[in-house]
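Keep in mind the model is a prediction, meaning the values are calculated, not measured.
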Amino acid sequence: MSSLTMTSLAATAIVPPLDAHTTVVLLCDLGGLLAVAVLLGRLAAHFHMPPVVGELCAGVLLGPSLLAHLAPGLSAWLLPPDPARMHLLDAVGQLGVLLLTGMTGMQLDLGLVRRRGASAARISLFGIVLPLGLGVGAGFLIPGSLLPDTADRGTFAAFLGVAMGVSAIPVIAKTLTEMRLLHRDVGQLTLCAVAIDDIIGWILLSAVSAMATSTLTAHSLLAHLVWVPVVLLTALLLRPPIRALLQAVTRSGTPGLFLATVTVLLLLAAAGTQAAGLEGVFGAFLCGVVIGSTGFATPERCAALTTVVLAVLAPLYFATAGLRVDLTALGRPAVLLTAVVVLSLAVFGKFAGAYLGARLSRMGHWEGLALGAGMNARGVIEVIVAMVGLRLGVLSPALYTIVVLVAVITSLMAPPVLRVAMAKVEHTAEERLREHAAVADLSPAPSTEHR
């Protein structure tokens, strides 16, 4: 038989579906993870904690930290140490994180960023540069025994700097809403500064990903990073046709067509940046910003997609992320000491940076502390960054656990510190007027960002 005939037969061969056992295990994994994640997420919300904390804990409880020790047989059946099985869970989680990141971009208030841009940019700059520098410095001092064999020390240091520099719009938006601080000057500035942080963070993450996936030379790195301005320019040029497309879809009145179109745009944008050597989440976030700027992605039109992502796909993603957290690693003195140092530097860097930016913007002491508390919350963004680092081989399981712990602990710190600081900040007449006039415009955004 000729090679051409063999190739034709191979091309037309039907790929067999998953076998029955693998299908049963996968369905049990998804059902069990989602059930525990939703339960613990609601429990966390009941105690005024971000739901992402409970959803991560679902994976921690069912992963190597607990279930693997209490019931190793059950753990091996549900979550066998088989990369192919875990990749099935990762595929479902990847869909959730891309849609969640796109929704974050869709809720970015560009008008608010423009209005408060100067002060927000100054606060954001100091709030990201200081922890980034501390993270890079710490990356060169962390014991080599904790680094994976595949990680270059310089790339790891840059990645740790990015992980320590990011903030999270989802967590702080929900916190400000619950504490009725969105109408305050500090609340608006915090959202603006964190939004700028997010944009810078995705770009930096893409840069570090390029370093991790290519030979570290000036030429190869430049070849990857040149795509960043290209992607930004492409997003700007595609805004008119995207707006026209969404307008046509909206006028059609076909149920579900708008959400299907938005989903397709987000996934294709993620695929585009991933193909360019950048991270898919960067493309999804940027596409979300473009979609949100058209004015068609209203909370009412996106309600069904929001419900599915926040109630099903996002909890599955965070539970899957928790499966890779091994708290038993903290029993090793080197890991525990590293965790304490990284957490301390992350908190100090973000607080000090935001505080310095606020003071240079002629804001008061307590306002600076409140901004530091808000920007210190890493939440969902840091978990995504940690998963990227683990996938790229930049983080070892122990370091991954440390970065996720930083995300959880800093998110839990925000509400109590904000409560103390804002009690010392005078409530102005302008803020009272804004509370009645503008809170309706700002409140929909956090309703989709409660991670």
Side-chain angles (χ1 to χ4, degrees), residues 96-117 120-121 124 128 162 166-173 188-207 227-247 249-250 258-259 261-274 276 278-299 301-302 305-306 309-310 314 379-381 384-385 388 441-442 444-451:
V97 74
L98 291 177
L99 294 180
L100 179 63
T101 305
M103 286 166 46
T104 301
M106 288 161 60
Q107 297 300 331
L108 183 62
D109 190 341
L110 293 177
L112 183 61
V113 172
R114 284 192 293 267
R115 290 195 302 271
R116 308 303 298 269
S124 176
I128 198 170
V162 172
V166 298
S167 298
I169 282 183
V171 172
I172 193 55
Q188 293 197 28
L189 273 174
T190 300
L191 283 182
C192 289
V194 172
I196 296 172
D197 258 15
D198 270 6
I199 294 172
I200 296 174
W202 293 129
I203 294 175
L204 291 177
L205 179 61
S206 294
W227 281 102
V228 173
V230 171
V231 168
L232 293 174
L233 179 60
T234 302
L236 185 63
L237 294 176
L238 286 178
R239 184 182 181 277
I242 288 177
R243 188 181 189 283
L245 173 62
L246 294 178
Q247 184 177 33
V249 168
T250 302
F258 180 85
L259 298 183
T261 303
V262 168
T263 302
V264 168
L265 290 173
L266 293 176
L267 295 180
L268 290 180
T273 52
Q274 193 77 52
L278 307 174
E279 275 302 311
V281 287
F282 176 50
F285 177 80
L286 195 58
C287 183
V289 173
V290 173
I291 292 172
S293 70
T294 65
F296 289 100
T298 62
R301 292 195 183 105
C302 297
L305 180 62
T306 299
V309 172
L310 297 185
V380 55
I381 306 301
I384 294 173
V385 171
V388 170
D441 295 329
L442 292 173
S447 67
T448 62
E449 299 288 350
H450 75 301
R451 315 314 303 168

For a quick test of your reading: what N or O donor-acceptor pairs under 3.5 Å do the side chains of residues 232-242 make, sequence neighbours left out?
unit_1	atom_1	unit_2	atom_2	d
Thr234	OG1	Val230	O	2.7
Arg239	NE	Ser293	OG	2.9
Arg239	NH2	Ser293	O	2.8

Residues 189-197, side-chain donor-acceptor partners within the protein, below 3.5 Å, at least two apart:
unit_1	atom_1	unit_2	atom_2	d
Thr190	OG1	Val186	O	2.7
Asp197	OD1	Ser124	OG	2.7
Asp197	OD2	Ser167	OG	3.2
Asp197	OD2	Lys350	NZ	3.1

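For the pair Phe282 and Val231, the minimum side-chain heavy-atom distance is below 4.5 Å. Under the 4.5 Å side-chain criterion, counting only non-hydrogen atoms from C-beta, Met103 is in contact with Leu310. The closest side-chain heavy-atom distance from Leu98 to Leu266 is not below 4.5 Å. No side-chain heavy atom of Val281 sits under 4.5 Å from any side-chain heavy atom of Thr273.
What you find for Cys287 and Ala269 is that their closest heavy atoms are CB-CB, 3.5 Å. Nearest heavy-atom pair, Ile128 versus Gly201, reported as atom, atom and distance to 0.1 Å: CD1-N, 4.4 Å. Between Ala314 and Leu100 the shortest heavy-atom distance is CB-CD2, 4.2 Å. Counting all heavy atoms, side chain and backbone alike, Phe258 lies closest to Ala297 at CZ-CA, 3.9 Å. Closest heavy-atom contact between Gln247 and Phe296: CB-CZ, 3.5 Å.
Note: Ile384 CD1 to Ile381 CD1 = 5.0 Å, rounded to the nearest 0.5 Å. Distance check, rounded to the nearest 0.5 Å: CD1 of Ile291 to CG of Leu265 gives 5.0 Å. Taken from OG1 in Thr250 to CG in Leu245, the straight-line distance is 9.0 Å, to the nearest 0.5 Å. Interatomic distance, Met106 CE to Thr298 OG1, rounded to the nearest 0.5 Å: 9.0 Å. Atom CD in Gln274 sits 12.5 Å away from atom CG in Leu267 (nearest 0.5 Å).
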- Run the side chain to side chain contact (heavy atoms under 4.5 Å, CB included) check on Leu99 and Val262 step by step: do they pass? CA-CA 9 Å; Leu99 294 180; Val262 168; over 6 Å; no
